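Everything below concerns the one structure shown next.
Everything numeric in this text was worked out from a predicted model, so none of it was measured. Below, read A as the first sequence line, B as the second, and so on, with proteins coming before strands; counting in each chain starts at 1.
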Amino acid sequence: MKPADAIRAELGRIARDLGAPDGTDVILERPRDRAHGDWATNVAMILARPLKQKPRDIAEKIREQFRAEGAGVASIDVAGPGFLNFRLRPEVIASVAGDIIEAGERYGRSDSGNGAKVNVEFVSANPTGPLHVGHGRQAALGDAIATLLEHTGWDVSREYYYNDAGAQIWNLMESVEARLKEAKGETAPIPEGGYHGEYIREIAASYVGEIDSLPAIQAHAVSELRREQDLDLAAFGVKFDTYFLESSLYDDLKVDMTVEALTQSGKTYEHEGALWLRTTDYGDDKDRVMRKNDGTFTYFVPDVAYHVTKWHRGFKRAINVQGADHHSTVTRVRAGLQALDIDIPEGYPEYVLHQMVTVTRGGEEVKISKRAGSYVTVRDLIDEVGRDAVRFFFLMRKGDSPLIFDVDLARSQSEENPVYYIQMAHARMCGIFRVGAEQGIVTGTAHADLSLLTEPEEQQLIKALEDYPAEVAGSAAALEPQRLASYLLETARLAHLWYHKHHVLGQEPPLMRARLVLARAAQIVIANGLSALGITAPERM
RNA sequence: GCGUGCGUAGCUCAGUUGGAUAGAGCGUCUGCCUCCGGAGCAGAAGGUCGUGGGUUCGAGUCCCGCCGCGCGCACCA
């Protein structure tokens, strides 16, 4: 049993004896201040009300009744308003390192998702141009969230929705047509709302079909751009399980069926030649048009039809990663799903929204990519700083905050660069084993006496490693990869600290063996954490 | 104006779903180490958590008002 579990069990037993109500959960947490001990609980404060006693009196009783030896506890203090602080025996803390090695790359995984299906949709760019940095943030976020969910026991499906129908595609087609005419020497301006990037000329140049066949031009442009985006995603190392085409919703009459069902529900009305949905019944600030007076549908109608397919495909949980500039769609899509009245939960789908990305180089904002014209592409970024740095930088801030991507920092091979810093900690641990092997030292970890790991830096590092599973679980539950990123930074710091202060190789064999276990455990945790974020853990740098 | 998100050290940001004296990196200052350079080590200073109320044993965290900034407010996506 893990030390924390032992304490929790003992606290549970005492709480019951004291007459705590059923369902009282005992929360153990790391005290913010290390001087307060290894674990703390506020259970005495929680029980104060139901037991009608002072928190400190309850805490005192718990302290007296606590059977410390079995739980590996060295001392218990009552502090502050009624906290119980536990200090563990050093060898109990150290024993965790052995468990980590045993679990290996499975360390940190859990099964709280129970294998339930969850759909994670992200990027979902219109095939009207190369992916820009915002899509990059989405790709990093979506992929990491998907992996975190996998690590916590969910059956995850990564999905990409191509908006290959509608007005944007029409604009794309007209833009390419204009460039085709231009190539023949005609004057042909890009239409309003059209695309001006250099890539439009490339698409026109590679077109070999009928010059006046608009459907052919459209098909060519869309397929070229999809191929282009696939290359962007491949460069980023993201793989999707499903590519869902918006056009298929029209082909399969899903859009018509959805409109029909919404009309049947009585939540729609005709007004000024358009068909409206009463989204105000579901918290929107005004009703929304479904069918425009030109007979075509507004974008959110296929979006509703699309989410109905997710539901029917067995995803009781769906998560959409999007730019916050699209946040107004949230209410509309959910309203449409509710109006259908087919038992879809109100909060379906869940949204993870992220704020803007700005790229800086030399302290100046970079605004333009040559190929795309008006924005910086993901590919530019990956080419310049590498996939790992791009991913980490996109993940280290919470989605709610705008993100400034400092290209100079991301490229830097120094410890100021957070990715480099974490990967370096991993490489250093690997270096110990590499050098050890060269010296003929057996770096196996069997028969180590971990109670020798008593240095403060060692105890602190081990405690951080012990927290890894909880960090993964918390990060996954909150859909917030940046938590894990922060954790890795802190853990890397502790690993560097330990490495600087204490040598492994060249120590007396028993101590060396114990430290080899710790080095291996640290290496495993950092590697697992990086992998959960989609970042590699190089063995040397 | 309405909706939404943000506001934490000089700078960049964490803050584990409401806990104890609010943390880290960079920068600054003081020592130490280094042939030089890059850097490394130990420590220090630095805060009215935008602001005013509220909720309770307890608020950076939850609720309301105000101020500032971003985003959205199309029969575009």
Determine which nucleotide pairs with B:rG47, using a 3.5 Å limit on both distances of a Watson-Crick or G-U wobble pair.
-> none

Determine the contact category for A:D467: base if any of its heavy atoms lies under 4.0 Å from a base atom, sugar-phosphate if only primed atoms, P, OP1 or OP2 are that close, otherwise nothing.
-> nothing

Are A:F392 and A:F394 close enough that their ring centres sit under 6.0 Å apart?
-> no

Inter-nucleotide C1' distance (B:rG58, B:rA42), Å rounded | 36 Å

Looking only at atom C1', what distance separates B:rC33 and B:rG38, rounded to whole Å?
-> 14 Å

Sub-3.5 Å pairs of nitrogen or oxygen atoms, protein against nucleotides 75-77 of chain B:
| unit_1 | atom_1 | unit_2 | atom_2 | d |
| --- | --- | --- | --- | --- |
| B:rC75 | O2 | A:N293 | N | 2.8 |
| B:rC75 | O2 | A:N293 | OD1 | 3.2 |
| B:rC75 | N3 | A:N293 | ND2 | 3.2 |
| B:rC75 | N4 | A:E272 | O | 3.4 |
| B:rC76 | OP2 | A:K292 | NZ | 2.2 |
| B:rC76 | O2' | A:Q168 | NE2 | 3.2 |
| B:rA77 | OP2 | A:Y299 | N | 2.7 |
| B:rA77 | O4' | A:Q168 | NE2 | 3.4 |
| B:rA77 | O3' | A:N163 | ND2 | 3.3 |
| B:rA77 | O2' | A:N126 | OD1 | 3.3 |
| B:rA77 | O2' | A:N126 | ND2 | 3.4 |
| B:rA77 | N6 | A:Y299 | OH | 3.4 |
| B:rA77 | N3 | A:H326 | NE2 | 3.3 |

Just checking A:A470: base, sugar-phosphate only, or nothing, at a heavy-atom cut-off of under 4.0 Å?
-> nothing

Minimum side-chain heavy-atom gap A:F83-A:M45 below 4.5 Å | yes

Looking at the side chain of A:A79, which of B:rA20, B:rC6, B:rG70 is the nearest nucleotide?
-> B:rA20

Got a donor-acceptor contact below 3.5 angstrom from the A:R30 side chain to the A:K463 backbone?
-> yes

Give a yes or no on whether a donor-acceptor pair under 3.5 Å exists between the nucleobase atoms of B:rG3, that is its base, and the side chain of A:D285.
-> no

With nearest nucleotides of RNA chain B determined for A:T41 and A:A477 from heavy-atom distances, which residue corresponds to the more 5′ nucleotide?
-> A:A477

Hunt down the Watson-Crick or G-U wobble partner of B:rG58, both distances under 3.5 Å, from any strand shown, or write none.
-> none

Test item: side-chain donor near acceptor, A:D284 and A:T279, under 3.5 Å = yes

Could you walk me through whether A:E455 and A:K501 pass the salt bridge (charged side-chain N to carboxylate O under 4.0 Å, His left out) test, one step at a time?
-> CA-CA 10 Å; A:E455 297 288 349; A:K501 192 138 183 184; over 6 Å; no

Rounded to the nearest angstrom, tell me the gap between atom CH2 in A:W39 and atom C1' in B:rU16.
-> 11 Å

note: A:D77, atom CG; B:rA20, atom P; distance rounded to Å ~ 17 Å

Can you tell me, in whole Å, how much space there is between the C1' of B:rC57 and that of B:rG18?
-> 12 Å

Inter-residue atom distance A:L225.CG - A:I169.CD1, 0.5 Å rounding = 8.0 Å

Scan A:M396 against the nucleic acid and name what it touches under 4.0 Å (heavy atoms): base, sugar-phosphate only, or nothing.
-> nothing

With both distances kept under 3.5 Å, what pairs with B:rA22, Watson-Crick or G-U wobble?
-> none

Counting N and O atoms only, with roles assigned by atom type, does the side chain of A:D77 sit under 3.5 Å from a partner on the main chain of A:L84, one being a donor and the other an acceptor?
-> no

For B:rG7 versus B:rU51, give the span between their C1' atoms, rounded off to a whole number of Å.
-> 11 Å

Grab the CG-C1' distance between A:D406 and B:rC11 for me, whole Å please.
-> 12 Å

Quick one: look up who B:rA14 pairs with, Watson-Crick or G-U, both distances under 3.5 Å, and put none if it's unpaired.
-> none

Non-hydrogen side-chain atoms of A:F300 and A:T329 separated by less than 4.5 Å = no

Have a look at A:Q138 and tell me which of A:E121, A:H354, A:Q322 forms a side-chain hydrogen bond (donor to acceptor under 3.5 Å, both in side chains) with it.
-> A:H354

Cation-pi check, A:R288 to A:W276: give yes when NZ or CZ is under 6.0 Å from the six-membered ring centre and within 45° of the ring axis, no otherwise.
-> no

Figure out the CZ/C1' separation between A:R30 and B:rG15, and round it to whole Å.
-> 17 Å

Any chance you could lay out the ring-ring contact (aromatic ring centres under 6.0 Å, His included) test for A:Y161 and A:Y306, step after step, and finish with the verdict?
-> CA-CA 9 Å; A:Y161 179 61; A:Y306 171 46; 4.0 Å; yes

Paired nucleotide for B:rG40 [Watson-Crick or G-U wobble; both distances under 3.5 Å] | B:rC32

Residues A:E29 and A:R8 bridged, charged N to O under 4.0 Å = no

Atom-pair distance (CD on A:Q355; P on B:rC13), nearest Å | 13 Å

Please figure out whether A:P402 or A:L353 has its closest RNA chain B nucleotide nearer the 5' end.
-> A:L353

Say you pick atom C1' in B:rU12 and the same atom in B:rU28; how far apart are they, in whole Å?
-> 16 Å

Does the aromatic ring of A:F83 sit over the six-membered base ring of B:rG19, closer than 5.5 Å centre to centre and tilted less than 30°?
-> no

Roughly how many Å is it from CD in A:E490 to P in B:rG25, rounded to a whole number?
-> 8 Å

Is A:A48 touching bases, backbone alone, or none of the nucleic acid, heavy atoms closer than 4.0 Å?
-> nothing

Establish whether the base of B:rG3 is bridged to the side chain of A:H327 by a donor-acceptor pair shorter than 3.5 Å.
-> yes

Sequence-aligned protein contact record of nucleotides 38-43 of chain B, with B where the base is within under 4.0 Å of a protein heavy atom and S where only the sugar-phosphate is = --SS--

A:R483 side chain N/O closer than 4.0 Å to the phosphate oxygens (OP1, OP2) of B:rU16?
-> no

Could you work out the separation of B:rC67 and B:rA9 based on their P atoms and round it to a whole Å?
-> 22 Å

Go through the N and O atoms of the side chain of A:N42 and the base of B:rA20, and report whether any donor-acceptor pair is under 3.5 Å.
-> no

Taking syn as within 90° of 0 and anti otherwise, name the glycosidic form of B:rU12.
-> anti

Provide the distance between the two C1' atoms, one in B:rA59 and one in B:rG54, to the nearest whole Å.
-> 11 Å

Who pairs with B:rU4 - Watson-Crick or G-U, where each distance is under 3.5 Å = B:rG70

Do the two ring centres, one from A:H496 and one from A:Y421, sit under 6.0 Å apart?
-> yes

Spacing of A:N417 atom CG relative to B:rC26 atom P, expressed in whole Å = 13 Å

If we take the P atom in both B:rU30 and B:rU61, what is their distance in whole Å?
-> 38 Å

Whole-Å gap separating P (B:rC11) and CD1 (A:I404) = 13 Å

